[in-house]
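Heads up: the structure comes next, in structure tokens.
In each ligand, atom 1 is the first atom listed, and ligand 1 is the first ligand listed. Note that this is a predicted model, so its numbers are computed, not measured.
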Amino acid sequence: MHANLEPLTGSWPELEAARARWRYQPAPDCLSGQVILVTGAGDGIGRVAARTFATFGATVLLLGKTRAKLEAVSDLITASTNTEPVIVPCNLAALDDTSAEALLESVATHFGRLDGILHNASLLGPKAPLAHYPSSLFQEVLRVNSFAPFLLTRSLAPALQASESASVVFTSSSVGRRGRAYWGAYAVSKFAVEGLMQVFADEWEHTGRIRVNSLNPGATRTAMRAAAYPAENPTTVATPEERMDIHVYLFEPASRGVNGQALDATQWQGPAS
Ligand SMILES: NC(=O)c1ccc[n+]([C@@H]2O[C@H](COP(=O)([O-])OP(=O)(O)OC[C@H]3O[C@@H](n4cnc5c(N)ncnc54)[C@H](OP(=O)(O)O)[C@@H]3O)[C@@H](O)[C@H]2O)c1
């Protein structure tokens, strides 16, 4: 507990309330100068992560499906921080080589490098037994949750390599570490994300410049959680702001050297000393 913290410039009441209970207190400017891409930045955990990263000094690239949501997040960030976010409207179900290469070109032209990617966007899909799972939805969930993170990471690799120290975080789930009935393509897609994390981490370890990890945020109060557990009282579930200590940590210099780890926000006790 850190009840007497100085408020962060540009922070908001929910973040400050959660921050008082964070297990780790990052320096207020720890992400200063960093350029970080956040997918699914228009809503839920991604929206709060993008705002939080900007509050800690990062320039954020806000990628998401719904332009109006991205504009709203961008306006909040512009009004409260001295960073300038960039919006990247993109339906990840339709991402292909051409659009991913265009994103690389744009990032390289404007920033010359990329210091981080938070792969957060996800589609829940139907809660249905695999024996009855519609094949078109199976494909769409895998495209958004697994194929798009692969394509983005692969295509943006030159920009990550141009960073002095870059961090890639794949957002996972408990059902991506142990399968569970009726979680269907979503669970399978998160196993794929864990595989992407392990292979990229191993392939890039020798560079010493790009760390790659996965993070299970755990039960968090968002639209996806409400869709997955409609009978649950949302106030019993942690807010996205409460999950932000580990999110900031994974992109700031303190986590350099942390590579190939499957982390869990609910179990994390702060950086290993
Ligand atoms: N909430 C939890 O309890 C929980 C638990 C474990 C893991 N997670 C993981 O945490 C991450 C965030 O989840 P959340 O609960 O914040 O979900 P959410 O509230 O449903 O938000 C998902 C975000 O992903 C975006 N998205 C979905 N499909 C997209 C597409 N085709 N192209 C581009 N963007 C797309 C959405 O954009 P639009 O709003 O524009 O559609 C939205 O911004 C996910 O990876 C999820 O699997 C969440």
- Message: Can a side-chain donor-acceptor contact be found between Thr236 and Asn233 if the only test is distance below 3.5 angstrom?
- Response: no
- Distance only, no hydrogens: is a donor on one side chain within 3.5 Å (strictly under) of an acceptor on the other, for Ser214 and Arg177? yes
- Task: Measure the distance from atom 18 (P) of ligand 1 to every protein heavy atom, then report the residue, atom name and distance (to 0.1 Å) of the closest one.
- Result: Met224 CB, 3.9 Å
State whether the shortest distance between N or O atoms of [X] and N or O atoms of ligand 1 falls below 3.5 angstrom.
X      : answer
Thr66  : yes
Gly64  : no
Arg225 : no

- Query: Is it true that a side-chain atom of Arg47 and a backbone atom of Gly40 form a donor plus acceptor pair closer than 3.5 Å?
  - Reply: no
- Message: Tell me if a side-chain donor or acceptor on Thr66 pairs with a main-chain N or O of Ala68 at a distance below 3.5 Å.
- Response: no
Please identify which atoms of ligand 1 are closer than 4.0 Å to at least one heavy atom of [X].
X      : value
Ala219 : 3 (O)
Ala223 : 19 (O)
Gly218 : 2 (C), 3 (O), 4 (C), 5 (C)

For ligand 1, which part of [X] has a heavy atom less than 4.0 Å away: the side chain, the backbone, both, or neither?
X      : result
Leu92  : both
Lys190 : side chain
Cys90  : backbone
Lys69  : side chain

Proximity winner for [atom], if only heavy atoms of [options] are counted:
atom                    : options                      : value
atom 42 (C) of ligand 1 : Leu70, Val73, Asp43, Asn91   : Asp43
atom 24 (O) of ligand 1 : Ala227, Ala68, Ala121        : Ala121
atom 27 (C) of ligand 1 : Gly40, Ala41, Ser122, Ala238 : Ser122
atom 2 (C) of ligand 1  : Thr220, Thr39, Leu124        : Thr220

- Determine the minimum heavy-atom distance between Met244 and Ala49, stating which atoms define it. SD-CA, 3.5 Å
- Item | Any non-hydrogen protein atom less than 4.0 Å away from atom 36 (C) of ligand 1 | no
- Message: Within 45 degrees of the ring normal and closer than 6.0 Å to the centroid, is that where the cationic atom of Lys127 sits relative to Tyr186?
- Response: no
- Task: May I ask you to establish whether Arg209 and Trp204 are in a cation-pi arrangement, using a distance under 6.0 Å from NZ or CZ to the six-membered ring centre and at most 45° from the ring axis?
- Result: no
- From Asn216 atom CG to Leu263 atom CG, the distance as rounded to the nearest 0.5 Å: 10.0 Å
- Is any NZ, NE, NH1 or NH2 atom of the basic residue among Arg225 and Glu232 found under 4.0 Å from an Asp or Glu carboxylate oxygen of the other? yes
- Would you check whether Ala148 reaches within less than 4.0 Å of ligand 1, judged by its heavy atoms? no
- Does ligand 1 have an atom that lies less than 4.0 angstrom from a heavy atom of Ala228? no
